[in-house]
Amino acid sequence: MHLLATTPVADGGATAVDLAQSPGDIVVLSAADSDLACLATARGTLGDGFPSLRLANLLRLGHPLSVDLYCERTVAHARLVVVRILGGRSYWSYGVERIAATCREGAIPVLFLPGDDRPDPDLAAASALAGPAAERLWRCLREGGVGNARAFLAEAARLLGYDMAPLAPEPVPRAGLYGPRAAMPERSGQRPGALVVFYRALYLAGDLAPVDALLAQLETAGLEALGLFVASLKEPAAAEVAATAIATWRPDVILNLTAFAVGDGDPLAAADCTVLQVALAGGDAGERGLDPRDLAMQVALPEIDGRVLARAVSCKTSDAPDPLTECPLARHEPLPDRIAFTAELAASWARLRGRRTADRRLAIVLANYPIRDGRLANGVGLDTPASCALLLRALSDAGYRVEHLPHDGRALLDLLGAGITNDLARRAGRLVRARLPLRDYLTHLAQMPASARQRVHERWGPPEEDPHLVDGAFPLAVLPLGN
């Protein structure tokens, strides 16, 4: 279950904003920060005689008034407009409608491009630019990287009548190895191996600080770490490279930084090891945590593939607007404590994989909401007890020692109800199978951030006054079932 923040915050699409960009000859909008970073870098290499360029992230133009302002102050004065949209016309329907109308009124060539490598008839129908030039512009953005961004801008300038030498788009591998160990894709075998999978877009934009930090920290944690960039795990070419990397590197743990779900044919499944889902926050990831978009794409959907959530290890930071494009360029900034936690977590999973089944100790944590036993193992809309009973049976079949194996969810609840729960009124006579001494609880509590400890104290009071405390210890709701 994933919780959305309830604290009101400003969101790019929830409030109207004025990007306050002056007019420019060429206007490019994209939801991909990698597109904007590459184009800004490429523009910086082209000198003063090049037509003026304005870049904007369309995610900042989610409010209709924001779109209207941008069209009036920037788009209406352009000589060429290119918009790249991932998710089709419906993803940004008002923006497509208004920009198309503005360009039609001003006789401005406009090109709407899909954010992936598949043609989009709806976006093509909204465009006023077609033919070989439009195809070359799309290919440049599809291939990505600063070199192809330079080719894109050269082609755009040619459309405006500038004498620019045509630059052909240069293919960039859809997937490839990355990092200090990229030249030695076979492990020594002296230490466990980790494979870090991330998007090709980060590689092309040079926005690799969190990847570099994670690879270095994994090495510090005792792993041999190899990076692998992919355009998408669903692409056959990328899946083939991933399969080869897994076969030669033989990872004991995989850290996946890509989003969405793969479903059938997931190439990472061939490793037969734990795949940790590592999030790169699209915003500042402050106290409110991941925003709804990141929560859906980088947490909820990857769970379909069986990913195990680790942490968000970076946040997006925006510098002052680039002077040539008037666009703040967002970059991923690694969070050192999250990087360290994730690397240690990966090392623990790798070590666990190397242990015999008989030496492993597993725990299944079920909800025990306050006061009512009727909420034991509660999951909204789910039969959690039945799922847990099936899971215990699967563990038993896999060689784990599971005693008192419940035959169904009702039997599991009966076993849990015989022990301690949060129902204080029914505690008398129940089995106390485990205790947590107050001193141990205080030791664990001291490891939490001071702000979190303060909130716990304000909400629940001092631990010494907790009604669950009996004879200097907290009785625990534990059901020992074996290893």
Donor-acceptor under 3.5 Å ([X] side chain, [Y] main chain):
X: Tyr199; Y: Ala259; answer: yes
X: Gln217; Y: Pro336; answer: no
X: Ser396; Y: Leu392; answer: no
X: Trp92; Y: Gly62; answer: no
X: Asn148; Y: Gly144; answer: yes
X: Gln298; Y: Leu280; answer: yes
X: Ser93; Y: Arg89; answer: no
X: Arg187; Y: Trp249; answer: yes
X: Asp305; Y: Val262; answer: yes

Side chain to side chain donor-acceptor pair (under 3.5 Å) against [X], all qualifying residues, sequence neighbours excluded:
X: Asp414; answer: Arg410
X: Ser348; answer: Arg351
X: Glu333; answer: none

Sorted by first residue and then second, give each side-chain hydrogen bond (donor to acceptor under 3.5 Å, both in side chains) pair with at least one member in [range]; sequence neighbours left out.
range: residues 189-198; answer: Arg191-Glu219
range: residues 203-214; answer: Tyr178-Asp212
range: residues 259-271; answer: Asp266-Arg307

Could you list the donor-acceptor pairs under 3.5 angstrom formed between side-chain atoms of residues 383-391 and any protein atom two or more places apart in sequence or on another chain?
| residue | atom | partner | partner atom | Å |
| --- | --- | --- | --- | --- |
| Asp383 | OD1 | Ala386 | N | 3.3 |
| Ser387 | OG | Asp383 | O | 3.2 |

Problem set entry | All ring-ring contact (aromatic ring centres under 6.0 Å, His included) counterparts of Tyr441, not counting sequence neighbours | Phe474
Enumerate the residue pairs fulfilling salt bridge (Lys or Arg N to Asp or Glu O under 4.0 Å) with a member in [range], sequence neighbours excluded, ordered by first and then second residue.
range: residues 225-251; value: Arg174-Glu235
range: residues 427-444; value: Asp373-Arg430
range: residues 385-397; value: none
range: residues 463-472; value: none

Going by an N to O cut-off under 4.0 Å, is there a salt bridge joining [X] and [Y]?
X: Arg453; Y: Glu458; result: no
X: Asp252; Y: Arg353; result: yes
X: Arg84; Y: Asp35; result: yes

For this session: Determine whether the side chains of Asp423 and Thr421 contain a donor N or O and an acceptor N or O closer than 3.5 Å.
Result: no
